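These numbers come from a predicted model, not from an experiment.
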Amino acid sequence: MFTIGCHLSASEGFLSMAKTSLAIGGNTFQYFSRNPRGSKARPLDRDDIDRFNAFSAENGIEKILCHAPYTMNACSSDPGLRDLAKEMMADDLSRLSYIPGAMYNFHPGSHTGQGIETGINEIADVLNTVLTADINTPVLLETMAGKGSEVGSRFEEIALIIEKTDLCDKLGVCLDTCHVSDAGYDISADLDGVLDEFDRIIGLERLYAVHLNDSMNPVGAHKDRHQKIGEGTLGKETFEKIINNKRLRGLPFFLETPNELDGYANEIKLLKSLRLED
Ligand code: FE
Ligand code: FE
Ligand code: ZN
């Protein structure tokens, strides 16, 4: 089973996103929990969600990924923003309780001058406040490019956040191919070496999802500029290796490339053509 989809606009609701994903050749999708620049969430439409759940079961839509807003920062030097991160994450997770099989992804945060160690402790504090035993939605830490004061560009940092979180069995990781390359992990030259390192430091059993993005910049650039598949420094062959790698191929893959729907449809078609049979 090749689980592939792209980032979609959430404005039309869940059923609409599922139909759009199918129409462009996908069987999953990612969406923002709320406006990436604001903090207000759309009202919860239970009818839409019921229809979405039924439609997904019928049409094989699975493992959708809800992405927290970029503005959410669990390790800001501003305690008000850290409180807001707790509120947003708790609210997002309570909404996701109506969507079985969904996962939640967030950027660990930017320490805004406080230092990596303080950042890691504050992110763990947010998770220790928000995570409760009744939450069934996996919460994924996204690997970051290391732009500015971003936490989570080194596997060691992600591992420490997990270690400091009490209910760490709720946590997983989303590997972003542009971000890991920008962070200095050379997945083009040595994908298996990078996966070995991930396994040694975090554990591959924690890897729940992959963001497929080519990068505009070379390995270690710490920039975070996504490029279309095959048009960046990673190249088509790297993505062919990623989607077929025996340790990755069972995971859901999400495109976050600079595309409109027709561009995403073409990329999904390309990736399907590169995917080897099960
Ligand atoms: Fe992201
Ligand atoms: Fe990403
Ligand atoms: Zn990015």
Side-chain angles (χ1 to χ4, degrees), residues 7-14 17 29-46 48-49 52 64-144 147-152 157-158 160-174 176 208-209 211 254 256:
H7 187 90
L8 295 176
S9 162
S11 58
E12 283 154 53
F14 287 95
M17 286 190 281
F29 59 89
Q30 173 180 274
Y31 67 99
F32 280 126
S33 62
R34 55 191 76 218
N35 185 319
R37 307 235 160 257
S39 63
K40 210 174 167 317
R42 286 166 295 278
L44 192 67
D45 182 346
R46 293 289 301 279
D48 177 46
I49 288 174
F52 164 78
I64 69 165
L65 191 56
C66 173
H67 195 308
Y70 291 138
T71 45
M72 189 176 98
N73 188 0
C75 59
S76 169
S77 57
D78 177 345
L81 292 182
R82 297 202 298 274
D83 284 343
L84 186 63
K86 289 176 184 171
E87 277 169 38
M88 284 199 274
M89 194 182 286
D91 184 48
D92 286 347
L93 288 170
S94 81
R95 289 155 175 274
L96 284 167
S97 67
Y98 299 103
I99 306 177
M103 300 187 288
Y104 185 64
N105 174 67
F106 77 107
H107 295 180
S110 294
H111 64 69
T112 61
Q114 306 184 92
I116 290 275
E117 203 187 324
T118 301
I120 287 169
N121 288 331
E122 288 175 352
I123 295 160
D125 173 58
V126 167
L127 290 168
N128 282 327
T129 306
V130 171
L131 294 181
T132 51
D134 58 311
I135 289 174
N136 294 315
T137 306
V139 174
L140 312 189
L141 296 144
E142 181 168 352
T143 63
M144 300 312 294
K147 188 176 68 175
S149 65
E150 275 174 356
V151 178
E157 295 165 19
I158 304 255
L160 269 173
I161 297 166
I162 294 170
E163 198 185 298
K164 288 168 185 277
T165 302
D166 297 330
L167 296 176
C168 64
D169 59 321
K170 312 273 181 203
L171 297 178
V173 177
C174 173
D176 184 307
Y208 285 15
H211 280 167
F254 302 90
E256 304 175 305

What closest approach, in Å, do [X] and [Y] show between heavy atoms, and which atom pair accounts for it?
X	Y	value
Ser33	Arg42	O-NH2, 3.5 Å
Met103	Ala209	CE-CB, 4.2 Å
Gln114	Cys75	NE2-O, 2.9 Å
Leu8	Met17	CD1-O, 3.3 Å
Ile161	Leu127	CG2-CD1, 3.8 Å
Pro69	Asp92	CD-OD2, 4.3 Å

Hey, does the side chain of [X] reach the backbone of [Y] with a donor-acceptor pair shorter than 3.5 angstrom?
X	Y	result
Lys86	Ala74	no
Thr137	Leu93	no
Glu256	His211	no
Asp91	Glu87	no
His107	Gly109	no
Thr165	Ala124	no

How long is the straight-line distance from [atom2] of [Y] back to [atom1] of [X], given to the nearest 0.5 Å?
X	Y	atom1	atom2	value
Leu141	Phe106	CG	CZ	4.5 Å
Met89	Leu96	CE	CG	11.5 Å
Leu44	Phe14	CG	CZ	7.5 Å
Ile135	Thr132	CD1	OG1	3.5 Å
Ile162	Leu171	CD1	CG	6.0 Å
Leu167	Leu131	CG	CG	6.0 Å

Salt-bridge criterion met for Asp125 and Lys164 (N-O under 4.0 Å):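 No, no charged N to carboxylate O under 4.0 Å.
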Heavy-atom check, side chain of [X] versus side chain of [Y], under 4.5 Å:
X	Y	value
Cys168	Asp166	no
Val130	Val139	no
Val126	Ile123	no
Phe52	Ile64	yes
Ser149	Asn73	no

Between Glu142 and His67, a side-chain donor and acceptor under 3.5 Å: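 Side-chain D/A pair, Glu142 to His67: present.
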Residue pair Asp78, Ser76: steps toward the side-chain hydrogen bond (donor to acceptor under 3.5 Å, both in side chains) verdict: CA-CA 5 Å; Asp78 177 345; Ser76 169; 5.3 Å; no
Centroid-centroid under 6.0 Å between Phe254 and His7 rings: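 No; His7 has its ring centre 6.0 Å or more from that of Phe254.
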Parallel, tilted or perpendicular: rings of Tyr31 and Phe29 (30°, 60°):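 Geometry flag for Tyr31 against Phe29: tilted rings.
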